[in-house]
Amino acid sequence: MGRNKDTVVAGSVQARSQSGADTPLMIQYQSIKEQHLDEVLFFRLGDFYEMFDDDAIEVSRLLNLTLTHRGAKPMCGIPFHAVKIYIARLLRCGKRIAICEQVGEVTGKGLTERKVIEVITPGTAIESSYLEGGSNNFLSCLVVGKVKSAFAFIDVTTADFFATSFKTSDLAKNFSKELGRSRPKELLLPESLRTNKIVQNILENDEKIAVSYYPDWNFDQKVSYKHLINQFKTANLKSFSLEETSPEVAPAGFLLDYLQKTTITTTPHVSGIKIYHDDQFVMLDESSRRNLEITANLRDGSDKFSLLECLSHTQTAMGKRMLRNWLFYPLRNLSEIESRQNHVESFVKNRELLDFVHEKFSSILDIERLAGRVAMERAHAKDLQALRASLEIWLEVSETLKNNFHDIDDLDLTLARQIAGLINDSILEDPATSLTEGRIIKEGWSEKLDEYRNLHDNVNKILAEYAEEEKEKTGIANLRIRSNSLSGYYIEISRGKASQVPPYFVLRRALTNADRYTTPRLQELEKQINEADSRIIETERDLFIEIRSKISEFVPYLLQTAHHIAYTDVTSALAYAAVLHNWVRPLVDESADFIVKDGRHPVVELHLPGGEFVPNDIEISSDQDGTIPSFGLITGPNMAGKSTYLRQNALIALMAQIGSFVPASFARVGIVDRIFCRVGASDNLARGESTFLVEMTETAYILREATKKSLVIMDEVGRGTSTEDGLSIAWAVSEYLLNTVKCKTLFATHYHELTRMKHSALKLLCMAVSEGNGSVVFLRKITAGAAENSYGIHVATLAGIPESVINRASEILAGLQKAAENEGGVIIETSTVSSEPEKNSKMSATMPGLFSDEELILDEILSCDPDDMTPRQALDFVSRWKSALSGR
Ligand code: ADP
Ligand code: MG
């Protein structure tokens, strides 16, 4: 009914105002809304949160709610008890939400006081119902300087805090790369970047991220430096390799400031920042990352048909997040790679251990985020029990691991034991989640609490004795002492015995068949019981907070433990994948070679029936001693398997450098510093840029950025323009890569003429095709040499083009080839290859929708409490569901 309370209050005023805009309530709303223009304002009205004006229009559209009106104002509302579901959805749409509550007493007279008590934003959300377990929830900030720019991002739930800097002249590539791999939910920018074309261009393609702007003076180097020092409790930031003038300081400091002001929570667990630079990791620009479909496929952006999908055998949320990070940041340091490989190998060699860890870890909960909740004073008693149970599993597992891994030896397991012990001794096994109901602390933990509980039990005993006493005195055998939350304790006597009721019984309530009485003695006892009750609750809460703050001293240790668990989880997951898919440990070294025997594409193989994938070798090297070529030029008709071959090799290099085993029978991978993967004719028309311009911009970037240690994958580059243009560009680019960059390159092309290029480091490769009876069979086998040039005509035959046309086409082709040979120049390409897009028949094209009405309604039904609802509210619900379903 609460929804109507203010309506009634404001009703008389509203009657006078046609628009409803200047009622006291709406004036109050307006003044609060003005403070929160960037947020959707959830305005509490009784049992509902209402939204008005543009907020209402937008939210009703996003969440599929019915839009109503209050006066002339658009309005929509959600029931307060289901609010979390709606908040979670809005956060996923990149919205910021301000929760405005009734803070004064609700008297029913006059206007109730209201205040915004919390602002929830996508990047600062802490509640687990707003978070995805398997990925980080990053809040990020970009600051662009004249020479250097910096990007910082933080996940307050796990205390992961990173920053990096780069030359402002490379802003476009670096900003999109950093955004692409950190995938922040929210981005904070200085006001001046509103008009920065590069930044805005990149953000245009990212609808889901919540972007907000702040005056430039907020990003002050000095102030930010102070924020960081205060947070980390250090005299300076040298241990994080930061000076006061480091570009990373401004965005990092602003993030802390923003977090504090928005969440109004202290974050003591954020005790450091990791500064990283591109030379630590394999550099993968955003379009290469996407083209290789590492964590998301190109079609619907989900992780189906991605490399991540093949590797996803982690069991814990922490492990899942770490695996993602490994994929985003492949290593360049040999010993780090080897150390990961060693762990994976130990699991591969010890299947029993692998199965044991795999099984045990499935019950480990998110210790990292639980620790964060402890640090932020948000953990409740059930959280602590979850922490205890998970620590105990980890203790059990690490006992076994100690025998297999030397680096676990010095792990301080006694601390884990202590923490688990503390929780075990003090907290009930199945405690209440609220701090105001009791049912938290175990018996025997606190003498004081046990005393109060005794008193409580005792009073109950006394109460029972008192009932007996009155029975005897009055002779009423069915006299009962009862209680309910409304009227407290009372003596109930059936109507028939009314004449036997003594005069000191005071009538409180007459029912149809019975009367309820109280006595001075009963009132006295009731007071004692209530006192004992509230003392118990208070004491339990105090004890709990004490226990929690004791545990919070161990948060750094818990985070470190979480890291160990994640590491074990990821290495065992990689081992699991290796065993499952028959992968081998690659030999990673500092050489310039890339040699693979029987390599496979991990994702394509996974989705083909067993044994159908045809393995292929590769041998390239940027060592220019002439024994191994650096440049493989791959020709072959459409659908022959060129793209698959190219990508599988890039993926093998990448997998090797995250420490994984690889799909091959043998692999030797000299560490690469960058991987570039370009796919020509990839349509980017949605961006409004010409495909060819994009292609050329990206090609220019490769030519500038690739080094001798890079691996470059070029798939049909030069397709987006006329044949002569395209061929000349492809030719010149190849020459540049061969002569100037000298990197390892795999270049697939339909420009057959490119095979006339001569260079000692060039090797011609083609996808084998067998012909017979006028049909073409793709063997998917890479072989030395150049492909035949006439498959287009073969394909045309297959397609049923009339014979006369085919014959004529063959004539023209022969003529053209001859002419070109005579001129010694470039042949004009005939239509050997159609530009039909690649197909993956197994890929479902359906996009996961937002939320269906059924889902929304189901959620609402599940979260509502019928016992706590008035009939009117129930009707409101039903009618809303009905209109949601019929409005489709
Ligand atoms: P191209 O780039 O030459 O047009 P693709 O690499 O796109 O060809 O391959 C076309 C299809 O052929 C793929 O979708 C895949 O199903 C299949 N394919 C490719 N390589 C192999 C292989 N080595 N073994 C089995 N099937 C393959
Ligand atoms: Mg292709």
Side-chain angles (χ1 to χ4, degrees), residues 287-288 290-293 297-299 304-307 309-310 581-583 596-618 632-652 662-665 667 677-683 691 695 712-720 726 730 745-752 754-755 764-771 776-783 785-792 794-795 798 829 831-845:
S287 59
S288 298
R290 269 194 275 144
N291 284 333
L292 288 172
E293 306 190 293
N297 70 56
L298 283 168
R299 314 251 167 159
K304 280 233 136 241
F305 305 99
S306 71
L307 177 60
E309 189 198 25
C310 307
H581 305 306
N582 202 14
W583 297 345
V596 178
K597 296 259 175 288
D598 303 316
R600 283 116 58 203
H601 190 298
V603 184
V604 176
E605 182 181 34
L606 186 66
H607 293 282
L608 278 179
E612 273 191 20
F613 193 91
V614 182
N616 275 309
D617 301 347
I618 182 151
L633 182 70
I634 299 132
T635 44
N638 210 12
M639 285 302 281
K642 299 183 298 299
S643 299
T644 307
Y645 178 69
L646 251 50
R647 284 167 202 210
Q648 90 188 24
N649 287 309
L651 288 176
I652 286 172
V662 300
S665 65
C677 177
R678 286 295 173 275
V679 181
S682 76
D683 248 303
T691 310
E695 210 179 299
V712 174
I713 303 291
M714 297 267 222
D715 195 355
E716 311 270 13
V717 166
R719 240 188 184 183
T745 310
L746 290 174
F747 198 115
T749 184
H750 65 293
Y751 289 126
H752 190 260
L754 274 183
T755 58
L764 298 184
L765 297 166
C766 66
M767 299 306 296
V769 170
S770 96
E771 294 168 63
V776 177
V777 177
F778 299 123
L779 300 178
R780 261 96 206 211
K781 199 78 194 164
I782 196 93
T783 45
E788 277 233 25
N789 198 16
S790 51
Y791 291 110
H794 273 280
V795 174
L798 281 180
E829 169 82 349
S831 60
T832 28
V833 181
S834 77
S835 55
E836 184 194 340
E838 285 151 53
K839 284 194 190 95
N840 193 335
S841 54
K842 310 224 167 181
M843 177 83 68
S844 144

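For ligands, and for the atoms within them, numbers begin at 1 and follow the listed sequence. By convention here, the first residue in the shown sequence is residue 1.
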H601 (side chain) donor-acceptor with V603 (main chain) under 3.5 angstrom
yes

May I ask you to check if ligand 1 and M639 share an N or O to N or O distance below 3.5 Å?
yes

For T755, check side chain to side chain contact (heavy atoms under 4.5 Å, CB included) against everything at least two apart and list the hits.
L633, T635, H752, L764, A786

So is L608 touching ligand 1 or not, going by heavy atoms under 4.0 Å?
yes

Strictly under 2.8 Å, is the Mg ion (ligand 2) approached by any N, O or S atom of M639?
no

Would you check whether V614 has a nitrogen or oxygen atom less than 3.5 angstrom from a nitrogen or oxygen atom of ligand 1?
yes

Is the shortest side-chain heavy-atom distance between L746 and V712 below 4.5 Å?
no

Would you please name every residue forming a side chain to side chain contact (heavy atoms under 4.5 Å, CB included) with D598, sequence neighbours left out?
P615, D617, S665

Is it the case that ligand 1 has an N or O less than 3.5 angstrom from some N or O of R780?
yes

Against heavy atoms of K642, which atoms of ligand 1 measure under 4.0 Å?
1 (P), 2 (O), 3 (O), 4 (O), 6 (O), 8 (O)

A640 versus ligand 1: do any nitrogen or oxygen atoms come within less than 3.5 Å of each other?
yes

Taking the side chain from K642 and the backbone from G636, do they hold a donor-acceptor pair closer than 3.5 Å?
yes

Are Y645 and N616 side-chain neighbours, meaning at least one heavy-atom pair lies under 4.5 Å?
yes

Looking only at atom types and distance, does a side-chain atom of T749 sit under 3.5 Å from a main-chain N or O of Y751, one as donor and one as acceptor?
yes

Atoms of ligand 1 close to P637 [distance to a heavy atom under 4.0 angstrom, numbered from 1]
3 (O)

Proximity of H601 to ligand 1 by residue part, where a heavy atom lies under 4.0 Å:
neither

Heavy-atom contact under 4.0 Å between A748 and ligand 1?
no

